[in-house]
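Comments concern the structure below.
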2 protein chains.
Amino acid sequence: MKPSRRPTAHDVAALAGVSQSAVSRAFTPGASISRRARLLVQQAAETLGYRPNLIARSLITRRSGTIGIAIGYMDNQFYPAMLDAMCAGFAAAGYRVLLFTPGPGGDPDPILDEVLRYQVEAVVLASARLTSHFAEQCSQARVPVVLFNRRTERATVSSITGRNREGAAEIARFLIDGGHLRFAYVAGLEDSSTSRDRERGFVDTLRQAGLTPATRVVGHYDFALAREAARTLFSAPSPPDAIFCANDHTAFAVMQTAQAEFGLRVGTDISVVGFDDVPLAAWPAFDLTTYAQPIRPMAERVVAATLAHLADPLCPPIQEQVDGSLIVRGSARLPPRRHS
Amino acid sequence: MKPSRRPTAHDVAALAGVSQSAVSRAFTPGASISRRARLLVQQAAETLGYRPNLIARSLITRRSGTIGIAIGYMDNQFYPAMLDAMCAGFAAAGYRVLLFTPGPGGDPDPILDEVLRYQVEAVVLASARLTSHFAEQCSQARVPVVLFNRRTERATVSSITGRNREGAAEIARFLIDGGHLRFAYVAGLEDSSTSRDRERGFVDTLRQAGLTPATRVVGHYDFALAREAARTLFSAPSPPDAIFCANDHTAFAVMQTAQAEFGLRVGTDISVVGFDDVPLAAWPAFDLTTYAQPIRPMAERVVAATLAHLADPLCPPIQEQVDGSLIVRGSARLPPRRHS
DNA sequence: TTGAAAGCGCTAACAG
DNA sequence: CTGTTAGCGCTTTCAA
C-alpha cells in the first residue's frame, strides 16, 4: 500500500489497463469513450477512491469554476439569507463559492488581491465597504464584478439592487396617507448608495406633498448606533410620529428603543417602517411594515448577471432593479379605508 | 497589445530580463533572491498587472490553501455569526473558505464529492444533515473533518461543541430554583446530538430532583414547526410553566407564540429559556435567558483544531467542549435571592 | 544568487 | 474510439 499520495488518473489508468486520457474522458460528460472503457475506469476509480483533481483541470481549462463573494453585515438577516440563496444559485450553475468576509476595520485590499490570485472567475460584492476601489481593481484584472444591493455612480460595473427610490416613495405616500405629520429618516452608512437612494425617494415625496422635511439621524446600519439615533429622535422636543428606517435591521433597533426606553406603542403612538422584509420582520414581536426586497429573485438575478459576464466577456454592464412591494403589517398606522 | 491572456510569470520574466524562476522567487517570502532582481520583477509585475496564479501553485505544492465549510440554518443567527468568525479565523491563518450550503431536501452527497474534488484541505461541518456519512467519506479521502456544534458517537472524528449536558443541567437547576413545577423541552432535530445532549442534561437533572418529567415536543430547529410545538404545549390541559428550548431560535418561536396567541407574559406567567445566546437574545423584545455558547472562542477552537490536523496528518481526533455560561435575563422567573 | 529543466495532475489536439 | 504528445503556470531541485 502506498499511503502517502492520493490516487491520480495515472494510477487509475494503470489499474484499469487503459491510457490516462481514457480516464480523463471517463470523467468528462460529453467525451467519446466506449461503455467498456468507461466501466473499466469507473471500477478502478472506485477501488482506488479516485477523485479527479479539479485544480489540475482548472489550470488547463483556465476556468476555476469559482465565484468570489464578499459579504458583510452578517448580523443583518438580509445578508445571510442572500448568501444562502446565491450559494445555491451558483452551485446549481456548477460554480463553487469562495467566501470572504471583510471584517470591520482594517484594509480590505490585501484580501481582494488574495481572491484574485485564486483565479475566481467573477466577484460578487455585497458589502458597502470596499465597493468602488475594489471593483476597479477587479475589472482591471478582467474579472467581472457584480454589485449586490449597491451601485456606483459610474455605470461601468454591473449591479443588482431593489427599487430603492420607488420603494421609499411608496412608503412616504403610505405614511402621508396614514395622517402622519412629523417624519424622520434613519440613514444607514453615509456613503451607501442604497441609503442615499432610499432617503431621496422618501424626502422627495414629502417635499412634493408640501410637508415638513423629515428629521434626519444616522444609524450606520448598526444596531447599537441605530438605537442611539432613536434616542436622539425620541428625546427631541417635538419627536417624530413616523420613522422610516434605511433597512429592517435598523427598524428593529428603533422599534425596540421606542418601546423599551420611551414607552411608546409602535403602530399606535408612532409608526416605524423598514426596508428589506427579512424573515424577522414577519415575527409577531415586530410585525414590521416594510418594503420587500425579494431574496430569491434578487439572488437569481445576481447569478444570471454573473453568468452572462462569464459567457461573454464583452457583455456590457448589467444594471438591474428587482421589483419589490410594500408589505403592510402592524408597525405603522394604516391610512383610512377608502371606498373601492 | 495582447489582450486575451492574463500575464504569466514568463511574461514578467521577459519584461524584467530575468528567468521565470526568479519571478517565482520574488513572490516567495523566504526565497533567496537579490534585492535588485526582486525589484526588477516587482516593477515588471506592476506594469503588467501580474498576479501569481495560486491554482498553479497548489498543483505543485499539493496544498490548495482552501477549507470547505458546510453550513445550514442560515435563518438561525448562530450560524451566520459562526461562519463569519470562522471565515475570519481561517483568513488570518492564510486559508480561503469554500462555502457550501446543503439546501433543504435533496441528497447532499454529490455536493460533497464536488468539494473533495476541489482539493479542500479540510472540511468543517456545521450542518446537522450530512454529518455521519459525509464525515466518513472525507476521512476515507484523508481529508480532516471537524464537526461544529455536533458530534458522532464514534470518537473517530474531531468535533467542537459547547457544554450541552452541563449547560442544560444548569438551566434545569435554575428553573427548579425558580420554583417552577411543570417543565417542558422543545427538542430540535431528533437525530441531532446537540438536541439529545441538551435534553439529557435537562431531563436527568429534573429526575435527580425528584420532579415530574418534562413534557416533550419537537421543533426540528425550525421556526414554524417550533411555533406549532408551542401551540401543542399551551393548549394542553395542564400547560407547562417552564420551557427549555433546544436553542435560542426555537425559544424565540415559543416566546412569541405564547405572547401573541395565548396572551401569556413571558418571564411572569411562563418561563422560557434558550441555548446559544445569539445577539438577538439580548434584544429588548426578547431579553432571553439562555446558556451562552461563545462564538469567537468556538470559532477559534474550530480553526485551531483544523490547523492541527493540517500540520500533522496523524493527529488523533480532537474533541473539545468550549465552556459556556448561563446568561440570566428576563424571560424566566428568577430564583429567590439568597443571603450571600 | 541564478537559470535550466523537470514535473504537479490534468485536458486537448492529433494521429492511428 | 483510443493512445500519444504537448502543455496549463507554477515550484523546485540541480548545477553553474
Side-chain angles (χ1 to χ4, degrees), chain A residues 2 4-42 44-45 48-66 114 116-121 141-142, chain B residues 2 4-42 44-45 48-66 114 116-121 141-142:
Chain A
K2 236 198 296 174
S4 51
R5 241 171 71 266
R6 282 216 267 264
T8 75
H10 274 104
D11 303 330
V12 177
L15 181 61
V18 296
S19 77
Q20 182 267 342
S21 356
V23 177
S24 170
R25 285 194 266 264
F27 281 93
T28 307
S32 79
I33 185 173
S34 63
R35 283 182 43 72
R36 193 186 119 72
R38 164 170 284 130
L39 229 68
L40 246 41
V41 170
Q42 279 173 349
L48 257 46
Y50 168 74
R51 246 180 275 269
N53 183 333
L54 291 194
I55 293 254
R57 174 194 301 214
S58 315
L59 193 55
I60 175 138
T61 59
R62 292 145 189 278
R63 314 200 330 93
S64 66
T66 301
E114 188 64 7
L116 289 181
R117 285 180 188 200
Y118 211 78
Q119 309 296 108
V120 294
E121 293 186 35
R142 294 166 188 285
Chain B
K2 237 200 294 177
S4 52
R5 243 171 70 267
R6 282 216 266 266
T8 76
H10 275 104
D11 303 330
V12 177
L15 182 61
V18 297
S19 77
Q20 182 267 343
S21 350
V23 177
S24 170
R25 286 195 264 264
F27 281 92
T28 308
S32 80
I33 185 173
S34 63
R35 283 182 46 72
R36 191 185 119 72
R38 163 170 282 130
L39 229 68
L40 246 41
V41 169
Q42 279 172 349
L48 256 45
Y50 169 74
R51 247 180 275 269
N53 183 335
L54 290 194
I55 293 257
R57 175 196 300 218
S58 315
L59 193 55
I60 176 139
T61 60
R62 291 145 190 279
R63 314 198 331 92
S64 67
T66 301
E114 188 64 9
L116 289 180
R117 285 180 186 199
Y118 212 77
Q119 309 296 111
V120 294
E121 293 186 35
R142 297 166 187 284

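Quick note: numbers below take in every heavy atom, side chains included, and nothing from hydrogens, waters or symmetry partners. Per chain, numbering begins at 1; letters A, B, ... match sequence-line order.
- Here the closest non-hydrogen pair linking Ser64(A) and Ile55(B) is CB-CD1, 4.2 Å.
- Residue pairs meeting the side-chain hydrogen bond (donor to acceptor under 3.5 Å, both in side chains) criterion with at least one member in residues 28-37 of chain A, sequence neighbours excluded, do not occur.
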Identify all side-chain donor-acceptor contacts of residues 17-27 of chain B below 3.5 Å with residues at least two apart in sequence or on another chain.
from     : atom 1 : to       : atom 2 : distance (Å)
Ser19(B) : OG     : Ser21(B) : N      : 3.4
Ser19(B) : OG     : Ser21(B) : OG     : 3.4
Ser19(B) : OG     : Ala22(B) : N      : 3.3

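- For DNA chain D, the outermost nucleotides in 5' to 3' order that have an atom under 4.0 Å from a heavy atom of chain B are dG9(D) to dT12(D).
- A search for side chain to side chain donor-acceptor pair (under 3.5 Å) contacts involving Thr66(B) returns Tyr118(A), not counting sequence neighbours.
- With Gln119(B) contributing its side chain and Asn53(A) its backbone, the two residues share no donor-acceptor pair below 3.5 Å.
- Axis deviation across the helix from dT1(C)-dA16(D) to dG16(C)-dC1(D) amounts to 30°, comparing end segments of five pairs, rounded to 10 degrees.
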Inset, instruction - Going 5' to 3' through nucleotides 7-15 of chain C, assign each nucleotide B (protein heavy atom under 4.0 Å from a base atom), S (under 4.0 Å only from sugar-phosphate atoms) or - (no protein heavy atom that close). - result: BBBBBBB--
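- A donor-acceptor distance shorter than 3.5 angstrom exists from the side chain of Arg6(B) to the backbone of Ala141(A), with no hydrogens or angles considered.
- Applying the salt bridge (Lys or Arg N to Asp or Glu O under 4.0 Å) test to Arg117(B) and every residue at least two apart in sequence or in another chain returns Asp113(B).
- Across Gly49(B) and Pro7(B), no two heavy atoms sit closer than the pair O-CG, 3.8 Å.
- Taking CG from Leu59(B) and CZ from Arg57(B), the interatomic distance works out to 12.5 Å, rounded to the nearest 0.5 Å.
- Remark: Arg62(A) pairs with no residue by the salt bridge (Lys or Arg N to Asp or Glu O under 4.0 Å) rule, at least two apart or across chains.
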